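By convention in this document, chain letters (A, B, ...) are assigned in the order of the sequence lines, proteins followed by strands, and residues within each chain are numbered from 1. Please read these numbers as outputs of a predicted model, since none were measured by experiment.
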2 protein chains.
Amino acid sequence: MKSTHTTASRELEVGGEPIVEELTATFTDAVARLYRRLRAERGGDQMGESQRSVLKVLVGEGPRTLRELSEHEHVKPPSMNQTVNSLEEAGLLARTSDPSDGRKVIIAATAEGVTLIEETRRRRNEWLSLQLDSLSAEERRTLEAASKIIVRITNS
Amino acid sequence: MKSTHTTASRELEVGGEPIVEELTATFTDAVARLYRRLRAERGGDQMGESQRSVLKVLVGEGPRTLRELSEHEHVKPPSMNQTVNSLEEAGLLARTSDPSDGRKVIIAATAEGVTLIEETRRRRNEWLSLQLDSLSAEERRTLEAASKIIVRITNS
DNA sequence: GTACACTAATTAGGTAACCTAACTGAATTG
DNA sequence: CAATTCAGTTAGGTTACCTAATTAGTGTAC
């Protein structure tokens with residue numbers, strides 16, 4: 001530790017009230033670090049986070065069009081097209097054209113896709129499970145509450 | 001909503017105690033979504049999250065070797081080399097060889113790099129700041145506590 | 001009923017951030 | 001002093017995003 005400190009030692013809160021600017025920086029860093037770590041630690045199935053997220057939507061909420069998926073994941077249609085392509089190649093979803101509107105393409109999980117999501121659900125992210133397991137019950141409740149807040153934020 | 005529901009409606013906890021397996025899935029999804037959203041929403045400076053994270057370490061904790069940086073960020077040396085290259089090209093850090101060990105390269109932030117980190121610190125991630133601003137003080141405390149837990153987890 | 005605009009999906013080409021494998025040169029060890 | 005190890009780098013590949021441009025179906029206006 002040199003004397004070049006400029007950020008690490010600043011106050012994060014005043015009287016128990018986190019300062020939004022500080023929280024933004026801290027929170028961004030924490031989330032970015034964890035995301036990279038999750039990507040690095042993921043084992044077993046060779047699906048990426050994006051692919052898995054899309055398949056999970058299809059399995060959990062039923063068929064969707066490309067545009068619907070791209071909006072749900074906050075991604076542009078061509079990006080979602082690529083993700084869908086790779087899942088299609090892997091046989092985890094199938095495209096059928098909408099009979100009532102020839103422009104639309106209905107994207108649905110195949111039986112294989114459903115099976116894969118269900119099977120890998122509990123086995124994935126062993127590293128994170130280990131970490132969470134080592135936390136106190138209160139810390140887990142904190143993360144659970146935070147997860148709910150995060151999902152709410154990202155959907156707004 | 002079809003009857004194809006398989007995951008969305010499962011219990012997340014029992015008597016206030018989150019189940020680790022469920023929390024792993026929920027938390028992973030939340031973090032992945034937020035990370036993608038942050039990447040999509042980031043404006044202004046054209047530095048990526050990885051680059052900024054490295055520069056922040058150099059500014060806040062002083063010079064490091066390539067290996068040290070790669071270990072700190074949980075990334076392989078060639079990946080870190082690329083990140084360092086782009087920061088070097090932008091004039092935000094400089095390399096000097098270690099006088100006591102010719103194999104090592106000391107990487108340090110330039111004055112420009114220090115300035116940039118300090119200046120952009122508060123202006124970045126406007127979108128997230130807005131979201132955090134709209135939360136209650138208690139929700140912010142939850143996220144702050146979660147951030148600390150996340151940082152601890154990722155460093156272990 | 002043909003022309004025009006709008007929309008959905010896709011293709012092409014580019015970028016950022018990771019990876020593995022293979023190489024260079026410096027330091028250490030038998 | 002030869003062999004090994006170690007730090008950094010180069011080359012080439014992958015995933016997941018982007019913008020711009022294209023194809024094709026739909027609906028509307030004359």
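- The separation between B/R103 atom CZ and C/dA26 atom P is 11 Å, rounded to whole Å.
- Tested against A/I150 for a side chain to side chain contact (heavy atoms under 4.5 Å, CB included), the candidates B/T26, B/L34, B/D29 yield a single pass: B/L34.
- Between atom CG of residue B/N155 and atom CZ of residue A/R37 there is a gap of 8.0 Å, rounded to the nearest 0.5 Å.
- Note that CD of B/E49 and OH of A/Y35 are 12.0 Å apart. Values are rounded to the nearest 0.5 Å.
- Taking CZ of B/F27 as the start and CD1 of B/I149 as the end, the distance is 8.0 Å to the nearest 0.5 Å.
- In this structure, the separation between CZ on A/R36 and NE2 on B/H74 is 10.0 Å, given to the nearest 0.5 Å.
- Using a 4.0 Å cutoff on non-hydrogen atoms, no part of residues 29-40 of chain A comes near DNA chain D.
- The existence of a salt bridge linking B/E144 and B/K148 is confirmed by a sub-4.0 Å separation between a basic side-chain nitrogen and an acidic carboxylate oxygen.
- Mapping A/Q51 and B/I106 onto DNA chain D by nearest heavy atom places B/I106 at the nucleotide closer to the 5' end.
- Within residues 65-82 of chain A, the residues having any heavy atom under 4.0 Å from DNA chain C are, by residue number, A/T65, A/L66, A/R67, A/P77, A/P78, A/N81.
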Using the side chain to side chain contact (heavy atoms under 4.5 Å, CB included) rule, take B/T65 and B/D98 through it: C-alpha gap first, then chi angles, then the decisive distance, then the call.
CA-CA 9 Å; B/T65 66; B/D98 188 331; 5.7 Å; no
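- A heavy-atom distance below 4.0 Å to DNA chain C is reached by these residues of residues 88-102 of chain A, ordered by number: A/R95.
- Tested against B/L128 for a side chain to side chain contact (heavy atoms under 4.5 Å, CB included), the candidates A/L23, A/V20, A/V31, A/T24 yield a single pass: A/T24.
- Between atom CE of residue B/M80 and atom CG of residue B/L87 there is a gap of 9.0 Å, rounded to the nearest 0.5 Å.
- In summary, B/E139 and A/R152 engage in a salt bridge, as defined by a charged side-chain N under 4.0 Å from a carboxylate O.
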